[in-house]
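Computed from a predicted model, the values in this text were never measured in an experiment.
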Amino acid sequence: RASMSQDLLKKYIVYARQRCSPKMDRIDEDKIEKVYSELRKESMREGGIPIGVRHIESLIRMAEARAKLHLREFVNDDDVDMAISVLCDWFVNTQKFSVMRSMKKVFKKYMNEAKDNFELFGSCLTRSYA
């Protein structure tokens, strides 16, 4: 069971903020466009809350944040997949129940696709601040 001292965690965060600015050069933009259009089409078809361009901006920021967490110079497909997973999960769960149930079936492939060690990292953070 690995743990991280609060001091080391602070140093890690400071280092990542100061020295790491991941670029979006090497990503599959078609994947982001496809997910956006699918989410928009499905939410409109089902009468749910429509997705907006700001959601895509959030997706990009999440992918960049994940790359920064891993101290990478570039955002990779895994970062984008995780951001898509989080966005789809969040967006689908904000819909009214009947729409949410339908959308969960359609977007299941995205919501279950990306798994990461964020749970482990979150657990370390929780133990560090507890």
- Query: Name the one of D25, I60, V80 that satisfies side chain to side chain contact (heavy atoms under 4.5 Å, CB included) with V75?
  - Reply: V80
- From D30 atom CG to S37 atom OG, the distance as rounded to the nearest 0.5 Å: 10.5 Å
- Stepwise side-chain contact (heavy atoms from CB on, under 4.5 Å) test for F74 and E64: CA-CA 8 Å; F74 295 96; E64 289 172 342; over 6 Å; no
- Message: Quick check: do D78 and R66 have side-chain heavy atoms less than 4.5 Å from each other?
- Response: yes
- Item | Atom of A16, atom of L71 and distance for their closest heavy-atom approach | CB-CD2, 3.7 Å
- Message: Taking D81 first and then K31, would you say they form a salt bridge - that is, a charged N and a carboxylate O separated by under 4.0 Å?
- Response: yes
- Query: Under a 4.0 Å N-O cut-off, is there an ion pair linking K11 with D7?
  - Reply: yes
- Check for a donor-acceptor pair, side chain of D89 on one end and backbone N or O of S85 on the other, with a separation under 3.5 Å. no
- What one should report as the nearest heavy-atom pair of S43 and P50 is OG-CA, 3.5 Å
- Task: If a pair satisfies ring pair (Phe, Tyr, Trp, His ring centres under 6.0 Å) and one of its residues is in residues 40-69, list it, with sequence neighbours excluded.
- Result: H55-W90, H55-F91
- Between R72 and C20, what is the shortest heavy-atom contact and its length? O-SG, 3.3 Å
- Message: Between L8 and V14, is there shared hydrophobic-cluster membership here, with clusters defined by ILVMFWY side-chain heavy atoms closer than 4.5 Å?
- Response: no
- Query: Do I49 and V99 share a hydrophobic cluster, counting only Ile, Leu, Val, Met, Phe, Trp and Tyr and linking them when any side-chain heavy atoms are less than 4.5 Å apart?
  - Reply: no
- Message: Between L69 and Y12, is there a side-chain heavy-atom distance shorter than 4.5 Å?
- Response: yes
- Query: Does the side chain of L39 come within less than 4.5 Å of M103's, by heavy atoms?
  - Reply: yes
- Name all residues meeting the side chain to side chain contact (heavy atoms under 4.5 Å, CB included) criterion together with E57; count only those two or more places apart in sequence or in a different chain, and write none if there are none. V53, R54, R61
- Message: Is it the case that the side chain of K23 and the backbone of S21 share a donor-acceptor pair, with hydrogens and angles ignored and the cut-off at 3.5 Å?
- Response: yes
- Message: Quick check: closest heavy atoms across A63 and D79, and the distance to 0.1 Å?
- Response: O-CB, 3.6 Å
- Please walk me through it: do M111 and K104 pass side-chain contact (heavy atoms from CB on, under 4.5 Å)? CA-CA 8 Å; M111 292 169 24; K104 275 188 177 182; 4.0 Å; yes
- Verdict with supporting geometry, V35 and F107, side-chain contact (heavy atoms from CB on, under 4.5 Å): CA-CA 9 Å; V35 170; F107 295 103; 5.6 Å; no
- Note on the structure: d(M44 CE, R40 CZ) to nearest 0.5 Å is 5.0 Å
- Could you go through the side-chain contact (heavy atoms from CB on, under 4.5 Å) check for E42 and S102 one step at a time? CA-CA 9 Å; E42 194 64 27; S102 169; 3.9 Å; yes
